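Since the structure is predicted, the reported quantities are computational estimates derived from the model, not experimental observations.
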Amino acid sequence: MRFKSSLSHLDPVASRSTVGDTVYRALRDALTVGRFDPSQVLTISAMSQAFQTSHMPVREALRRLTAEGALEVGSSGSARVPAVDRKRLDDIIEARVLLERKATMLAATWVTEDAVDELARLARIHSEVANHRDVHDMLLKNRDFHFAIYRASGSVVLPSLIETLWLQYGPYMRMLSEQLNSTWRDGDHKPYALGHMEIVEALRSHDADRAADEVEADIRRTQTQLQAALQGQLADS
């Protein structure tokens, strides 16, 4: 599978006082929604040029992301997006299922009616964006929806652990975005949209088991798509 990638989605950093954190958050967000290709090398000079900043904050951001497992150490101070394979995909998925089920069950216990209404709004936005076939915006809205659930768990630890797994999942999100861009048909997003509304209704009724089952089903749908894509890569090689 061939990927097209650029750094045009990275915005210049405006504030000198928050350069390091801004670069880190921007790269973190970009990795989470699959803006970079699997195995892509991220050089300090290219990143610095994209952000229009010096090498130091970029070097620090890449170091932090490498420590979190989102990137691998490259040569000459560069970093590399991890390659994709079936074993790593399934490993990350199983860890995600464990943590995200737990966070969802806690959310079902503590979630307020206002929070559920906000989740319903986020689910509608995700569906509307999908209707316009904006893949990366759809993935961002999907992230917003899921992390609103995990924050509603009341746990301080779980959302940050889940976020780290989503970071490591980034190369697979890139595969998913490319697959959607090349094969998107009307209605492709509907199982996800309907699944999100099922999660909302389960949370509204404080049904922890049902909510967790729906979140897991949402994760497994993507896993199935990515397994097929990886199998296709093997067949083409």
Exercise. Do you know which of I92, D91, I93 makes side-chain contact (heavy atoms from CB on, under 4.5 Å) with L89?
Worked result: I93
Does any non-hydrogen side-chain atom of [Y] lie less than 4.5 Å from one of [X]?
X    : Y    : result
D209 : M105 : yes
T104 : Y150 : yes
L226 : Y169 : yes
L139 : D137 : no
Y24  : L62  : no
R80  : L71  : no
T112 : V116 : no
D218 : E198 : no

Restricting to non-hydrogen atoms, name the atom on [X] and the atom on [Y] that form the minimum distance, rounded to 0.1 Å.
X    : Y    : value
D207 : A108 : C-CB, 4.3 Å
A148 : L122 : CB-CD1, 3.7 Å
E214 : G195 : OE1-O, 4.4 Å
L99  : L161 : CD1-CB, 3.9 Å
M173 : V33  : CB-C, 4.0 Å
A193 : S127 : CB-OG, 3.9 Å

Problem set entry | Step-by-step side chain to side chain contact (heavy atoms under 4.5 Å, CB included) determination, M47 to T53 | CA-CA 9 Å; M47 295 288 105; T53 187; over 6 Å; no
Check for me, please, whether [X] and [Y] land in the same ILVMFWY cluster - side-chain distances under 4.5 Å, paths through other members count.
X    : Y    : answer
F147 : V157 : yes
L167 : L27  : yes
V97  : V215 : yes

Quick check for you: to the nearest 0.5 Å, what is the distance between [X] atom [atom1] and [Y] atom [atom2]?
X    : Y    : atom1 : atom2 : answer
I219 : T224 : CD1   : OG1   : 12.0 Å
I199 : F145 : CD1   : CZ    : 4.5 Å
L176 : N142 : CG    : CG    : 9.0 Å
I162 : E100 : CD1   : CD    : 5.0 Å
Q168 : L65  : CD    : CG    : 11.0 Å
L140 : H126 : CG    : NE2   : 10.5 Å

Exercise. Which is it for D117 and E113 under the side chain to side chain contact (heavy atoms under 4.5 Å, CB included) test, yes or no, and what are the steps along the way?
Worked result: CA-CA 6 Å; D117 288 342; E113 194 67 22; 4.2 Å; yes
For this session: Mind running salt bridge (Lys or Arg N to Asp or Glu O under 4.0 Å) on R86 and D90 for me, showing each step along the way?
Result: CA-CA 6 Å; R86 171 69 181 268; D90 293 344; 2.7 Å; yes
I'd like to know if [X] and [Y] make a salt bridge, using a cut-off of under 4.0 Å between side-chain N and carboxylate O.
X    : Y    : value
D29  : R35  : no
R64  : D21  : yes
E128 : K141 : no

Does [X] use its side chain to pair, donor to acceptor, with the backbone of [Y] at less than 3.5 Å?
X    : Y    : result
D37  : Q40  : no
Q223 : R220 : no
S153 : I149 : no

Exercise. Does F36 have R174 sitting over its ring (NZ/CZ under 6.0 Å from centre, angle to axis within 45°)?
Worked result: no
For this session: Return yes when atom CD of Q49 has more than 12 non-hydrogen atoms of other residues, nucleotides or ligands closer than 6.0 Å, and no otherwise.
Result: no
For this session: Can you label the angle between the W166 ring and the H146 ring as parallel, tilted or perpendicular, going by 30° and 60°?
Result: tilted
